[in-house]
Amino acid sequence: MDSALRPFDLGSTQWYVLYQLAHEGPTRQRDLVEMLQIERATMSGIVATLLRKGLVDQVPDRTDQRQKLLQLTAGGTKLWGGLPDLTFIREAAFDGIDAADIATAIRVLQTATGRLENLLQRAAGV
């Protein structure tokens, strides 16, 4: 995935943010943190990069002014339209695997990640 995105100066997490915005529309930055299971600081860096590249805008959410809403800019929409179709990656990795098995794997990995995050937070005294 990274090699396919390199010519466009994008990383995979940046691609996932653009994917969400292109397919679902404006999205709260907080919701992207949860969807992608990444730290808020990591998301802030990704958003700063996408803002600097002119691919997204960050505006206050209408219902909660404290929340930041991300949306594609015209430049982001144009770039998205020119990116290669990366669905082959999912198809190559998961084609023929039962959906219930995939859901189980996701649930196990999310649980393990959550436990590790909790352990790190307790260790840090958070």
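This one's a predicted model, so the numbers in the text were calculated from it and none came from an experiment.
- Looking at residues two or more places apart in sequence or on another chain, you find no salt bridge (Lys or Arg N to Asp or Glu O under 4.0 Å) involving K78.
- Take T111 and apply the side chain to side chain donor-acceptor pair (under 3.5 Å) test, not counting sequence neighbours, and it matches no residue.
- The closest donor-acceptor contact from the side chain of T13 to the backbone of G11 lies at 3.5 Å or more, if one exists at all.
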Item to check | Audit row: R28, L70, side-chain contact (heavy atoms from CB on, under 4.5 Å) steps and yes/no | outcome: CA-CA 6 Å; R28 286 185 186 153; L70 299 178; over 6 Å; no

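- Separating the CG atom in N118 from the OG1 atom in T113 is a distance of 11.0 Å, to the nearest 0.5 Å.
- Here the side chain of T73 pairs a donor or acceptor atom with the backbone of G54 at under 3.5 angstrom.
- Hydrophobic clustering, defined by side-chain heavy atoms of Ile, Leu, Val, Met, Phe, Trp and Tyr closer than 4.5 Å, groups L69 together with V59.
- A4 approaches P84 most closely through the heavy-atom pair O-CG, 4.1 Å.
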Next on the checklist: Please evaluate residues L72 and L55 with respect to the criterion side-chain contact (heavy atoms from CB on, under 4.5 Å), reporting the C-alpha separation (whole Å), side-chain torsions for both, the decisive distance (0.1 Å), and the verdict.
Outcome noted: CA-CA 6 Å; L72 284 179; L55 302 176; 5.6 Å; no

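- Residue pairs meeting the side chain to side chain donor-acceptor pair (under 3.5 Å) criterion with at least one partner in residues 29-44, sequence neighbours excluded, are Q29-Q58.
- Taken to the nearest 0.5 Å, the CG atom of L32 stands 9.5 Å off from the CD1 atom of I46.
- Residues L79 and Y19 share a single hydrophobic cluster, defined by chaining ILVMFWY side chains whose heavy atoms lie under 4.5 Å apart.
- Hydrophobic clustering, with ILVMFWY side chains joined whenever heavy atoms are under 4.5 angstrom apart, groups L36 together with L86.
- Rounded to the nearest 0.5 angstrom, M35 CE and M43 CE are separated by 8.5 Å.
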Item to check | Residue pair F8, W80: steps toward the side-chain contact (heavy atoms from CB on, under 4.5 Å) verdict | outcome: CA-CA 10 Å; F8 301 93; W80 183 257; over 6 Å; no

Checklist entry - Step by step, would you call V56 with Q71 a side-chain contact (heavy atoms from CB on, under 4.5 Å)? => result CA-CA 5 Å; V56 300; Q71 58 191 18; over 6 Å; no

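- With rounding to the nearest 0.5 Å, the separation of CG in D9 from OG1 in T49 is 9.0 Å.
- The ring pair (Phe, Tyr, Trp, His ring centres under 6.0 Å) pairs that include a residue from residues 25-54 number zero, where partners must be two or more places apart or lie in different chains.
- The side chain to side chain donor-acceptor pair (under 3.5 Å) check on D2 picks up nothing, with sequence neighbours excluded.
- The distance from atom CD1 of I106 to atom CG of D101, rounded to the nearest 0.5 Å, is 11.0 Å.
- Here the CD atom belonging to Q20 is positioned 11.0 Å from the CH2 atom belonging to W15, to the nearest 0.5 angstrom.
- Grouping the Ile, Leu, Val, Met, Phe, Trp and Tyr side chains by contacts below 4.5 angstrom, directly or via other members, places M1 apart from F94.
- Both L51 and Y16 are assigned to one and the same hydrophobic cluster, defined by single-linkage of ILVMFWY side chains at heavy-atom distances under 4.5 Å.
- For K53 (side chain) and A48 (main-chain N/O), no donor-acceptor pair under 3.5 Å exists by modelled atom type.
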